[in-house]
There are 2 protein chains.
Amino acid sequence: MMKLFTTPQAPMASVAPDVRDGNRRAVIDTVLPSVDNGRFAVKCIVGERVRVKAHCFTDGHDVLRVQLCWRPQGKAEFREVPMKPLVNDVWEAAFSPPALGPYLYTVAAWVDPFESWRHEMTRRVDPDDVRIASQVGALEVAAAAERAEGADRQALANWATELDAVAADPGADVSALKALALDEELAMLARRHPDRRHEVRFPSELPLEAERERARFSTWYELFPRSAGPTPGVHGTFRDVEARLPAIAAMGFDVLYFPPIHPIGRLQRKGPNNALASGADDVGSPWAIGAAEGGHKAILPALGTAEDFRRLCAQAATHGLEIALDIAFQCAPDHPYVKAHPDWFRWRPDGSVQYAENPPKKYQDIYPFNFESEDWRGLWAELRSVIEHWIGEGVRIFRVDNPHTKAFAFWEWVIGEIRREHPEVIFLAEAFTRPKVMHRLAKLGFSQSYTYFTWRNTKQELVEYFTELSTAPGVDYFRPNVWPNTPDILHEQLQGGEASVYMARLVLAATLSANYGIYGPAYELRDHLPRSPGSEEYLDSEKYQLRHWNHDDPASLAPFITRVNHIRRENPALHRDRGLRFLRIDNDQLLAYAKVSEGGDNVVVTVVNLDPHNVQEGWLELDPQSVGVDRSRAFQMHDLLSGQRFIWQGDWHYVKLDPHSAPAHIFVVRRRHGDERDFDYFL
Amino acid sequence: MMKLFTTPQAPMASVAPDVRDGNRRAVIDTVLPSVDNGRFAVKCIVGERVRVKAHCFTDGHDVLRVQLCWRPQGKAEFREVPMKPLVNDVWEAAFSPPALGPYLYTVAAWVDPFESWRHEMTRRVDPDDVRIASQVGALEVAAAAERAEGADRQALANWATELDAVAADPGADVSALKALALDEELAMLARRHPDRRHEVRFPSELPLEAERERARFSTWYELFPRSAGPTPGVHGTFRDVEARLPAIAAMGFDVLYFPPIHPIGRLQRKGPNNALASGADDVGSPWAIGAAEGGHKAILPALGTAEDFRRLCAQAATHGLEIALDIAFQCAPDHPYVKAHPDWFRWRPDGSVQYAENPPKKYQDIYPFNFESEDWRGLWAELRSVIEHWIGEGVRIFRVDNPHTKAFAFWEWVIGEIRREHPEVIFLAEAFTRPKVMHRLAKLGFSQSYTYFTWRNTKQELVEYFTELSTAPGVDYFRPNVWPNTPDILHEQLQGGEASVYMARLVLAATLSANYGIYGPAYELRDHLPRSPGSEEYLDSEKYQLRHWNHDDPASLAPFITRVNHIRRENPALHRDRGLRFLRIDNDQLLAYAKVSEGGDNVVVTVVNLDPHNVQEGWLELDPQSVGVDRSRAFQMHDLLSGQRFIWQGDWHYVKLDPHSAPAHIFVVRRRHGDERDFDYFL
């Protein structure tokens, strides 16, 4: 059954101050990360260290204890991790979600009488003070004993008694008394039994979603199965795609994504190059979904059967490839839904269905769903069942077509519903739209998001955009998946067809973002002619017709792509979006950046020549300490693209890149044994 | 009766998505300003334009309508203001709270079928499209008629009928049909009766506190009444202060603040210069509150009677001065509370009360309250009654001593309680502590806050600090009140006694911050000797002894202060903290900034020479357009300090400041008639 949101709207403004009793003195001002104060989940990966910071303090000089509390959603019990103070009243701790799914975390803090007493005791010098304070301490320790059991209780009680006795003895040695009061081993014992009566908890439990590694690090290859056949002019099949799997896997991709594989509408079918009229042999656009043979749960017969599709998924898996399907929630005019569920569409006074339009543009071959339908519950349930159908067929990754033209509430609901049963499912939002809309979709639950990368071409554009993408708050919930091309976007830069541009854009995508993809074989074979000057559409686009590709073209970039994807796999620094830092370099045509792995062991420095025509050279600033090398030592920069090794020392380093051989360096930093981090020099 | 927070802790994380029904398609992603998502109130002034921004959008291309909704807390009905789209899905509207007190605001949005239809209609060209769309529109208009009454209903019904009829007539002229469909006057009518069935509301109602003007713009003078007498060595009285009122008012101050005026403890009383021992004639520290004569509600007899105090308040009012009292919630050992309420203090095992200490430092003359007392309710109620007592005596401004050493929850409660009956009361937090603690106090309700200004001395320090203070999020709730000196802080910079330093620091305080104050007469008479080298304490500080001041000293800075405060009063740009912008100037000893009034009419440009010894000169960048002057026109810079007038043109302007005559310019920009804004050139 469909479960809808029924929780009443809690007016946040009426949330009471975070005291229940006036004598609770700890303050938890802020907990980070937090997406819209807990309205949406922070994203992470199973096993990843989630670092939580809290701004905590109290009045006066007393000592706080602060605990990070976390639990899987659905479990009542919180686990706790002690938080440590950094600077400026910021406390930090980390935890690692052990399994897929949703979690909650919050922070507890209390003014700790034992720690406060102990902190003051360390600074006491006056003998009378030490004696009186020891008596006070004995009371605190005795109270801790009351809270403890067994051996702890006995040890604490003994300590309290002894402390009190020595403090009461005017002949006792004060430094011995102080040493007894500050005994570290006994203090550890007392800390295990704190007085938490005045504990304060942060008023929100913040949600977190743990996804699988591929949500954070994936390498996509998009192809049209119908163009996968070996014979020009013959409709390709899933079997033909099977034959391509070894080559695609060898290039280093791990996700193979298909445009919609469903029956294609015949009414209003578009011809080649988006012509309004089509001939009998025209194959139409795969996004005009639905015909007499079926709709979103059916397979275009020319591609094969459901059995063929399952076989393909299984074969792909043996090559380390996952099949991703396209979810395009729209209908061709002859989709069975139109007759079966007329109430899911808008009807016009002339008795026709309202097709998609953006006046004066018309898309008569596409009927959008009406998300304001009275039967929106029925519509939502059916659309969910489409996703569930393909999950049943073995698919776990969905690229969602234009999610920003469907109701946002629907996505939040459907992703939540699917994830409840299948937390391993990954959703990629194909929304090339305004920034706040793209961010909202990411907040609603999409694992990955398309980006503006295609239109970020200059050094300044790339620095600004990827700085934004790799820092909070965006990095906490928005995972970019960057594409140098798509079937919809042949960027002007690519229209010259220069290999140097294709290589540079690929290196940028593959090293700036942990998730990236290409639309192939158009990319590696440098298909580069636009439909018309100024257009970003491909000429003779596969969207409307069959194409045939010569995979044996000696100019294919497949070997280069293979190398880049191999470098990605081997270097954990490239498996995440955090840890990116742009480097100063005194040439506007050269872009340089370092990426570092979570633990700091793996550092990759990439330098890209953005000028496709000319050799560019410059001086790059890289502080050795920032990559774990002592300032006085040399270190090796191993260019994993060319295999060359360079010895660098100091802060400034000369680089030179000839676009006609290789437009980029992808260096890994190698440190000598005995340096701060111990690396194999000739790895 | 004391009302405590009883609202249960709403876990914000469980706040449902902002849909109640799946067919509500509008999204309100963010509403600003907002302090911790509505946990605390945004601050403003009665009558001020509160600008609210909302990030709103919907799926697809449909047109949204967005309303700002606001109400006084306690009134159920919201008033609404239509929000207008700016760029990037940001909508804006403003409202002005008409009276003191708390308000709530939120945002409502809906996808508007009429506006969506109309927007598409404007772009339609195909005659068939126009006809069918007109029929669709007739349905929308008829629906609007159903929602309307009276004349509106009739007019809309007529329009619907006509539109439908003309659309159905194949011979009708299409451009006339389109004109009828887009009739602006009828559209205005339809907009008055929108279809709000699918309206979405932001899930929080955000709190706002409207205070009186003096919370935002005030000029403080602090003095010790006991040193106000005309005769050296004789304890001053409220009557003596009365005699000083005309002079203080003439200097342009509007708040006159006294350290505590209560009986001073005799036990452990401190002698001059904070000596541990005191003689029989020593007057003690006013902050050691309470003795046999009474505590926080009593007046030190040597100062006068309650009647004298009321008379002083009334006299001050006739001079435009308000009296501010010190709220220092701590006790001398002989305060009546110690015997009457032993449970409000911490007791040590030796039977003594725990005095204030920060080991190894001890403050035996001060007993702090124990906010963890079992009787915290009784303690809170009594402390509230102290404030209420002085409100009863006519005081409406309180400077709170060290609020960060008392429980934060108490302040939130007591300020809320006081404001419920007396929304005109202003609280200033005297907390010189860590940044997050100071910000929390401001969030809890303090109207104004002490700052780090005293220790921000270089150009870079001042630029960074005041940029932070004048921008969001801080500027939404933290109102700085900056002091070049206090009885506790004689900054090293002032210890040379140079008039140029005293003038420069005063100009900075008075023009960078809308609220500022000085501790006088020490400031205008340049009392500058520290108790010891490296100390920020005054030698022979008034905190511990009587002082006598020569107000007739010809070197007094009173005339200069008078001038600066007059300039402040006359220029609305200086009445607020927003609207501050630092200007480029090519000399690190010169600081330059522009402040602009809410409407933009008043622009003040201040240039300060931070070097007390040398003439400094430099080129300052001021884009004429940024101050409302056409780039081709000259404009006048009228230095309100010296009276000199300069003609500037273009972007870069030469300035030169001799600290020995005046270390600053305070220019007001005067524009010629006929410029963008029409100002009197020789005002």
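As the structure is a computational prediction, the values presented were derived from the model and not from experiment. Lettering follows sequence order; numbering is per chain, from 1.
Once rounded to the nearest 0.5 Å, the distance linking NE2 of A:His198 with CD of B:Glu372 reads 5.5 Å. Considering CZ of A:Arg440 and CZ of B:Phe57, their distance stands at 5.5 Å, rounded to 0.5 Å.
The local environment of CD in A:Glu374 is sparse, with at most 12 non-hydrogen atoms from other residues, nucleotides or ligands closer than 6.0 Å.
Between A:Lys436 and B:Asp89, none of the side-chain N atoms (NZ, or NE/NH1/NH2) sits under 4.0 Å from a carboxylate O, so this pair counts as no salt bridge. At a threshold of 4.0 Å, the pair A:Lys406-B:Asp59 does not count as salt-bridged, since none of the basic side-chain nitrogens sits closer than that to a carboxylate oxygen. A salt bridge links A:Lys362 and B:Asp129; the closest N-O separation between the charged side-chain nitrogens and carboxylate oxygens is under 4.0 Å.
Contact of A:Ser373 with chain B is made through the backbone alone, with heavy-atom distances under 4.5 Å. In this structure, chain B has no heavy atom under 4.5 Å from any part of A:Asn402.
Under 3.5 Å, the side chains of A:Arg123 and B:Asn358 contain a donor-acceptor pair of N or O atoms.
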Quiz prompt | side-chain contact (heavy atoms from CB on, under 4.5 Å) assessment of A:Asp29 paired with B:Lys443 | solution = CA-CA 10 Å; A:Asp29 190 71; B:Lys443 291 177 186 176; 2.8 Å; yes
Practice problem: Show your working on side-chain contact (heavy atoms from CB on, under 4.5 Å) between B:Glu357 and A:Glu120 and close with a plain yes or no. | Solution: CA-CA 9 Å; B:Glu357 61 172 349; A:Glu120 295 201 334; 3.8 Å; yes
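Options B:Phe408, B:Phe371, B:Phe410 differ in how many heavy-atom pairs under 4.5 Å they form with chain A, and the most are formed by B:Phe408.
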